[in-house]
Amino acid sequence: MLIIYLIILNVAAYYVMKRDKFSAKKGEWRTPEARLWLIAIIGGAPGMWLAMKKLRHKTKHPSFRYGLPLLSMFITVLAGWFI
């Protein structure tokens with residue numbers, strides 16, 4: 001059940017980052033950073049990190065540049081321990 005949760009959450013996290021990137025390009029409404037961090041903290045950090053690297057989004061923000069990789073590793077290790 002945990003694996004399914006993490007897969008769905010990380011796909012959604014990737015989509016949220018992708019949508020935020022394209023909203024930024026168009027000058028439209030953006031996803032608040034607090035919401036992005038909430039998604040990352042509840043397990044979506046690996047998906048967000050992948051989106052950040054692939055789409056080059058939020059790469060200038062030190063909190064995202066350093067925080068997402070660390071949180072991703074923590075979530076991966078924690079999930080591995082539970083599985």
Side-chain angles (χ1 to χ4, degrees):
M1 204 60 149
L2 178 64
I3 294 172
I4 294 168
Y5 167 78
L6 288 174
I7 289 171
I8 291 170
L9 183 62
N10 280 283
V11 168
Y14 185 93
Y15 173 75
V16 169
M17 283 288 275
K18 184 177 182 178
R19 187 182 55 170
D20 189 51
K21 170 69 175 190
F22 291 115
S23 295
K25 282 184 173 181
K26 293 179 183 179
E28 296 175 350
W29 178 84
R30 304 278 308 277
T31 305
E33 286 190 7
R35 187 169 300 147
L36 294 174
W37 277 113
L38 177 63
I39 294 167
I41 289 169
I42 63 172
M48 292 182 102
W49 186 25
L50 178 63
M52 184 181 79
K53 298 299 260 178
K54 197 165 181 162
L55 304 171
R56 296 175 51 124
H57 186 50
K58 298 282 187 194
T59 56
K60 292 183 180 180
H61 297 261
S63 62
F64 282 92
R65 187 178 335 143
Y66 301 114
L68 276 180
L70 288 173
L71 187 56
S72 295
M73 288 183 248
F74 176 74
I75 288 170
T76 303
V77 168
L78 190 63
W81 184 74
F82 275 108
I83 294 172

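On a predicted model such as this, the values are computed, not experimentally measured, just so you know.
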Enquirer: Answer whether the closest heavy-atom distance between the side chains of Lys53 and Thr59 falls below 4.5 Å.
Expert: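 Side chain of Lys53 against side chain of Thr59, heavy atoms only: no contact under 4.5 Å found.
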
Enquirer: Mind checking the CE-CG spacing from Met73 to Leu78? Nearest 0.5 Å is all I need.
Expert: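 Between atom CE of Met73 and atom CG of Leu78 there are 14.5 Å.
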
Enquirer: Any idea which heavy atoms bring Met52 and Met17 closest together, and the distance?
Expert: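 Closest pair (atom of Met52, atom of Met17, distance): CB-CE, 4.0 Å.
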
Enquirer: Side-chain heavy atoms nearer than 4.5 Å, only ILVMFWY residues, links allowed to pass through others: does that put Trp29 and Phe22 together?
Expert: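 In one cluster: no.
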
Enquirer: Could you go through the side chain to side chain contact (heavy atoms under 4.5 Å, CB included) check for Leu9 and Tyr14 one step at a time?
Expert: CA-CA 9 Å; Leu9 183 62; Tyr14 185 93; over 6 Å; no

Enquirer: Do Ile41 and Ile8 share a hydrophobic cluster (ILVMFWY, side-chain heavy atoms under 4.5 Å, transitive)?
Expert: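 Each belongs to a different hydrophobic cluster.
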
Enquirer: Same hydrophobic cluster for Leu6 and Leu70, using side-chain heavy-atom links shorter than 4.5 Å among ILVMFWY?
Expert: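 No, separate clusters.
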
Enquirer: Do Phe64 and Trp49 have ring centres separated by under 6.0 Å?
Expert: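 Centroid separation for Phe64 and Trp49: 6.0 Å or greater.
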
Enquirer: Starting from the C-alpha separation in whole Å, work towards a yes-or-no answer on side chain to side chain contact (heavy atoms under 4.5 Å, CB included) for Trp37 and Ile42.
Expert: CA-CA 9 Å; Trp37 277 113; Ile42 63 172; over 6 Å; no

Enquirer: Should the heavy atoms of other residues, nucleotides or ligands under 6.0 Å from CD1 of Ile3 be counted, would the total exceed 12?
Expert: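 Atom CD1 in Ile3 is not crowded, with 12 or fewer foreign heavy atoms closer than 6.0 Å.
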
Enquirer: Quick check on the hydrophobic clustering: are Met48 and Leu50 connected, directly or via other members, by side-chain heavy-atom contacts under 4.5 Å?
Expert: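 In one cluster: no.
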
Enquirer: Heavy atoms only: give me the nearest Ala40-Ile75 pair and the separation to one decimal.
Expert: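 Of all heavy-atom pairs spanning Ala40 and Ile75, the closest is O-CD1, 3.3 Å.
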
Enquirer: Please walk me through it: do Asp20 and Lys58 pass side chain to side chain contact (heavy atoms under 4.5 Å, CB included)?
Expert: CA-CA 10 Å; Asp20 189 51; Lys58 298 282 187 194; 3.7 Å; yes

Enquirer: In Å and rounded to the nearest 0.5 Å, what is the CZ to CZ distance from Arg35 to Arg30?
Expert: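 Reported value, rounded in 0.5 Å steps: 13.0 Å.
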
Enquirer: Keeping Ser72 on the side-chain end and Ala45 on the backbone end, is there a donor-acceptor pair under 3.5 Å?
Expert: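 Judged by distance alone, yes, a pair lies under 3.5 Å.
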
Enquirer: Could you give me the CA-CA distance, side-chain angles and deciding distance for His61 and Glu33, then say whether side chain to side chain contact (heavy atoms under 4.5 Å, CB included) is met?
Expert: CA-CA 11 Å; His61 297 261; Glu33 286 190 7; 3.2 Å; yes

Enquirer: To the nearest 0.5 Å, what is the distance between NE2 (His57) and NZ (Lys25)?
Expert: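 Here the interatomic distance stands at 10.5 Å.
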
Enquirer: Is there a side-chain contact between Met1 and Tyr5, using heavy atoms and a 4.5 Å cut-off?
Expert: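 The answer is no; the side chains never approach within 4.5 Å.
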
Enquirer: Is it possible for you to say whether Phe74 and Ile7 belong to one hydrophobic cluster, with membership spreading through side-chain heavy-atom contacts below 4.5 Å?
Expert: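 They do share one cluster, since a chain of ILVMFWY contacts under 4.5 Å joins Phe74 to Ile7.
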
Enquirer: Between Thr76 and Pro46, is there a side-chain heavy-atom distance shorter than 4.5 Å?
Expert: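 SC-SC contact between Pro46 and Thr76 confirmed.
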
